Amino acid sequence: MSKYYAIDIAQEDIVASITMMVQMELGKTSPNLLRVAGQLAARFGADVIGIAACQPVQVVYSDGFISADIYDKDRTEIGAEMSAAEDAFRAALTPHARSVGWRSLITFQPLAECLASEARSADLVITASCQTGNANPTRAMNIGAFVMQVGRPVLIVPVNVATLSLSHVLVAWKDTREARRAIFDALPLLKQAERVVVVEITRAVNADESSAHLIEIVNWLKRHEIAAEAHTVVSRGDDAAQLLTIAHDRNADLLVAGAYGHGRLMEWFFGGMTRDVLFCPERCSFLSH
C-alpha cells in the first residue's frame, strides 16, 4: 500500500478541541458534505483531516489481462482526482477549521478496512450517504462495513442536505450496547442542540419498562447539562420505517442511532434500521457501533 500525506497542522499552543475526519469519494463532487463539515468545524473550533482512498487497477503481465498502458492511465487519473478532492476540501474547510490536513491513499485493501484504520486520530468521521446506482468499486467505500469497523462515531450526510443546524435531534433508543455507545458519543452534539428527544419503539407489553428506562436516560442527559424529552412509541411492526416517519413528522435534522453488526449482520443484507438510515435522503444520521 502506498500513501501520500500532506498535513499542515498549525503549530499553536495545544488546547482541547475535537478532531474531525472528512471522507471524500474520488471522482465525485461533495459540496454539501463539505458544507456540513465546515459548519461543524466552525461550531466546535475543530481540527479537520480530509481523506480520500481508492484501489488501483490490478495489472498482470500476461495475455488477457490489463496492459501497462491502462495501469499508467489509471494512476494518472487517480492523481488528478486526488488533487481535485484535496483542492475542494481545503477551499471549503480552511475558512472554518482551526487547522486542516489532507491524506490520500492508494490501497489494495477493501476501502472500508483501509479508511477505518486511518481514523485512529479522529473523534468523528463525516461521510456522504449511500446512493443507489452503479458505484465504482475502486472508489466507493462500503459505508455499512466502515461503520462496523471504524470504532468511531460516523456522521452520514445525504447528498441533498446542505446544513446541520442541530435545532432538533432525535435519539433512537434501544437498551443495547450500540445505542448506549451512540448516545455517549453524541454528547458534544447533544449539548449544542436546541431540542433533544429520546424515542424508543417497543411492543405494547414492554411500554412501561421502556418508559422507566427512558426516564433514566433523560436524567443521565440532565447530569450532562442536556435537557431532553422521552417518548415511548408502540411498535406497528416495521420499527425502522416507523422511526424514520417519526423523524420526518418531527422535522428532526439529526438522527442518533446505534449501528448493529456481528450477530445482527443479516439486517445489512435484508433491511433494518442501519441500512434504512444509511440510505435516508432527508436528514443527517449519527451512527456508532
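The analysis underlying the following values was restricted to heavy atoms, covering all of them including side chains, and did not include hydrogens, waters or symmetry mates. Values in this document were obtained by computation on a predicted structure and should not be read as measured data. In what follows, residues are counted from 1 in the order of the sequence shown.
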Pairwise ring-ring contact (aromatic ring centres under 6.0 Å, His included) hits with a residue in residues 188-213, at least two apart: none
Side-chain ion pair, Asp47 and Arg98, N-O less than 4.0 Å: yes
Basic-acidic side-chain contact under 4.0 Å: Arg152, Asp185: no
pair Val197-Val169: side-chain heavy atoms closer than 4.5 Å: no
Residue pair Asp239 / Ser235, side-chain donor-acceptor N/O under 3.5 Å: yes
Within-4.5 Å side-chain heavy-atom neighbours: Glu81 and Arg139: yes
Stepwise side-chain contact (heavy atoms from CB on, under 4.5 Å) test for Met141 and Thr127: CA-CA 10 Å; Met141 177 184 71; Thr127 188; 4.0 Å; yes
Cationic N near anionic O, under 4.0 Å, Arg181 to Glu178: no
Side chains of Cys54 and Glu25 in contact at under 4.5 Å (non-hydrogen atoms): no
CG-CG distance between Leu124 and Leu155, expressed to the nearest 0.5 angstrom: 5.5 Å
Rounded distance (nearest 0.5 Å) linking atom CZ of Arg236 with atom CD1 of Ile201: 8.0 Å
Spacing of Phe184 atom CZ and His224 atom NE2 [to the nearest 0.5 Å]: 7.0 Å
Greater than 12 external heavy atoms within 6.0 Å of Asn251's CG: no
Minimum heavy-atom distance between Ala228 and Val218, given as atom pair plus value: O-CG1, 3.4 Å
Derivation of the side-chain contact (heavy atoms from CB on, under 4.5 Å) call for Ile51 and Val22: CA-CA 6 Å; Ile51 189 166; Val22 180; over 6 Å; no
Euclidean distance, Ser167 OG relative to Leu254 CG, rounded to 0.5 Å: 10.0 Å
Sidechain-backbone polar pair: Gln149 side chain, Ala145 backbone, donor-acceptor under 3.5 Å: yes
Interatomic distance, Gln39 atom CD to Leu34 atom CG [nearest 0.5 angstrom]: 11.0 Å
Glu118 and Leu105, any side-chain heavy atoms less than 4.5 Å apart: yes
side-chain contact (heavy atoms from CB on, under 4.5 Å) evaluation trace for Phe89 with Val48: CA-CA 10 Å; Phe89 167 79; Val48 186; 3.8 Å; yes
Heavy-atom closest pair, residues Ala182 and Gly258: CB-N, 3.8 Å
Non-hydrogen side-chain atoms of Leu111 and Phe146 separated by less than 4.5 Å: no
Connected via hydrophobic side-chain network under 4.5 Å: Val171 and Leu187: yes
Residue from Ile246, Leu244, Val199 passing side chain to side chain contact (heavy atoms under 4.5 Å, CB included) with Leu255: Leu244
Check: Cys114 main-chain N/O paired with Ser117 side-chain donor or acceptor under 3.5 Å: yes
Pairwise side-chain contact, Ile183 with Trp220, heavy-atom cut-off 4.5 Å (strictly under): yes
Non-neighbouring partners of Asp208 that pass salt bridge (Lys or Arg N to Asp or Glu O under 4.0 Å), sequence neighbours left out: none
Minimal non-hydrogen separation, Val161 against Val36, with atom names: O-CG2, 4.0 Å
Closest non-hydrogen atom pair, Asp253 against Leu166: OD2-N, 2.8 Å
Salt bridge (charged side-chain N to carboxylate O under 4.0 Å, His left out): pairs with one or both residues in residues 186-198, sequence neighbours excluded: Arg195-Glu229
Side-chain H-bond candidate by donor/acceptor type, Thr138 with Gln55, under 3.5 Å: no
Shortest non-hydrogen separation from Ile143 to Ser129 and the atoms involved: CD1-C, 3.8 Å
Heavy-atom check, side chain of Leu164 versus side chain of Phe286, under 4.5 Å: no
From CG (Leu214) to CG (Leu221), nearest 0.5 Å: 10.5 Å
Donor-acceptor under 3.5 Å (His96 side chain, Ala41 main chain): no
Check against side-chain contact (heavy atoms from CB on, under 4.5 Å), Glu200 and His231: CA-CA 7 Å; Glu200 180 169 9; His231 291 278; over 6 Å; no
Pairwise side-chain contact, Leu287 with Ile156, heavy-atom cut-off 4.5 Å (strictly under): yes
For Ser210 against Thr202, the heavy-atom pair lying closest together: CB-CG2, 3.8 Å
Under 3.5 Å: donor-acceptor pair, side chain of Ser30, backbone of Leu33: no
Donor-acceptor contact present, side-chain Asn206 to main-chain Glu209, <3.5 Å: no
Same apolar cluster (I L V M F W Y, side chains within < 4.5 Å links), Ile217/Ile215: no
